[in-house]
Amino acid sequence: MIAVNPMDSASVLAAFGALGVLVVIFAESGLLVVGFFLPGDTLLFPAGVLCAGSAGQPPRLALWQVLLCAAVGAVAGGQVGYLIGRHGGRALLTRTSSGRVKGAAARAERLLARYGHGKALVIGRFVPLLRSVLHPVAGALGVPARTFTIWQTVGGVLWSQTLVLAGYTLGASVPRLDDYLLPLVALVVVLSLLPLLPEARRAHRERRARRERRERRERRSGPGSPGRK
């Protein structure tokens with residue numbers, strides 16, 4: 001019996017191949033708290049690498065199967081996430097004890113408010129952690145179904161196909177690249193976190209501003225301030 005770690009992309013690909021891509025991407029795109037902890041970028045890119053043969057070895061996965069499964073998983077998962085949001089997603093987000101999930105949900109709301117539905121649904125696909133809650137949040141906020149379906153499909157196809165093809169292109173260009181999947185996954189993790197840096201800096205500035213305002217209020221209301229006995 002094969003032990004499979006669903007959070008380990010190499011384990012999923014070795015055990016299930018393209019079908020594993022479909023299931024994991026579906027869950028990551030639509031199953032809210034469950035999908036929050038599953039690999040996305042770190043599954044699609046190595047899957048693309050394994051589609052490229054190297055050093056006389058045939059490809060371990062079929063490119064067309066991986067592309068199809070990635071697209072279907074992303075789009076179908078997004079639709080399921082939206083339906084979850086429309087039918088109780090807000091309550092589910094409120095009840096969760098995970099601060100990371102609540103923080104990602106708040107970022108998803110800000111993204112939808114700042115960029116509008118279409119642009120936010122496309123941008124959000126490329127931001128890890130955020131994409132797992134973006135679709136349920138869109139459903140909970142009442143984003144029109146037709147608008148959501150069009151733009152989440154565009155975002156899902158663009159995100160999934162870009163990462164698979166990037167891995168395939170690199171795997172076809174660099175000999176025996178599939179022998180270095182672990183360092184590649186680590187690199188993809190680092191690169192995928194880059195879009196979160198501006199948000200982290202903004203949150204840090206806001207926390208610092210709130211702390212400074214609180215300190216100023218405390219100084220004004222100190223023992224020597226007017227009106228205090």
Side-chain angles (χ1 to χ4, degrees), residues 6-7 23-44 70-163 188-207 209-210:
M7 292 182 286
V23 173
V24 171
I25 296 303
F26 172 86
E28 198 224 16
S29 299
L31 297 187
L32 198 56
V33 178
V34 174
F36 196 76
F37 300 98
L38 293 175
D41 301 336
T42 56
L43 178 67
L44 294 174
V72 170
V75 174
Q79 289 300 129
V80 169
Y82 177 80
L83 293 175
I84 290 174
R86 287 291 291 267
H87 302 283
R90 175 71 70 177
L92 186 61
L93 287 169
T94 302
R95 287 197 302 269
T96 180
S97 60
S98 173
R100 293 173 64 190
V101 173
K102 290 182 177 179
R107 289 196 298 273
E109 289 194 38
R110 289 196 296 268
L111 187 72
L112 288 163
R114 179 178 180 182
Y115 292 106
H117 300 156
K119 189 180 293 186
L121 289 167
V122 174
I123 293 173
R125 278 286 188 173
F126 291 85
V127 183
L129 308 182
L130 181 63
R131 62 176 161 262
S132 294
V133 300
L134 179 61
H135 307 128
V137 167
L141 293 177
V143 175
R146 183 173 183 273
T147 299
F148 175 85
T149 300
I150 291 172
W151 289 107
Q152 81 91 2
T153 299
V154 171
V157 171
L158 185 63
W159 166 68
S160 62
Q161 308 302 280
T162 297
L163 281 169
V188 172
V189 169
V190 172
L191 293 177
S192 66
L193 291 176
L194 291 179
L196 298 177
L197 292 180
E199 177 74 16
R201 285 197 297 267
R202 188 184 66 80
H204 175 71
R205 287 196 298 268
E206 289 180 353
R207 287 195 300 269
R210 286 196 299 268

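Position 1 is the first residue of the sequence; numbering continues from there. Please read all numbers here as calculations on a predicted model, not as lab measurements.
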Tell me, please, which residues at least two apart from Q79 pass side-chain hydrogen bond (donor to acceptor under 3.5 Å, both in side chains). T149, Q152
About how many Å separate CG of L112 and CG of L134, when rounded to the nearest 0.5 Å? 5.5 Å
CG of L111 to NE2 of H117: how many Å apart, nearest 0.5 Å? 10.5 Å
For residues G124 and L130, report the shortest heavy-atom separation together with the two atoms involved. CA-CD2, 4.3 Å
Does any non-hydrogen side-chain atom of [Y] lie less than 4.5 Å from one of [X]?
{"X": "I25", "Y": "W159", "answer": "yes"}
{"X": "W151", "Y": "K119", "answer": "no"}
{"X": "P136", "Y": "R86", "answer": "no"}

Listed partners of L158 passing side-chain contact (heavy atoms from CB on, under 4.5 Å), at least two apart: V122, F126, T162
With no hydrogens and no angle check, just 3.5 Å: does a side-chain donor-acceptor pair link R125 and S160? no
Partner residues of F148 under the ring pair (Phe, Tyr, Trp, His ring centres under 6.0 Å) criterion, sequence neighbours left out: Y82, H135
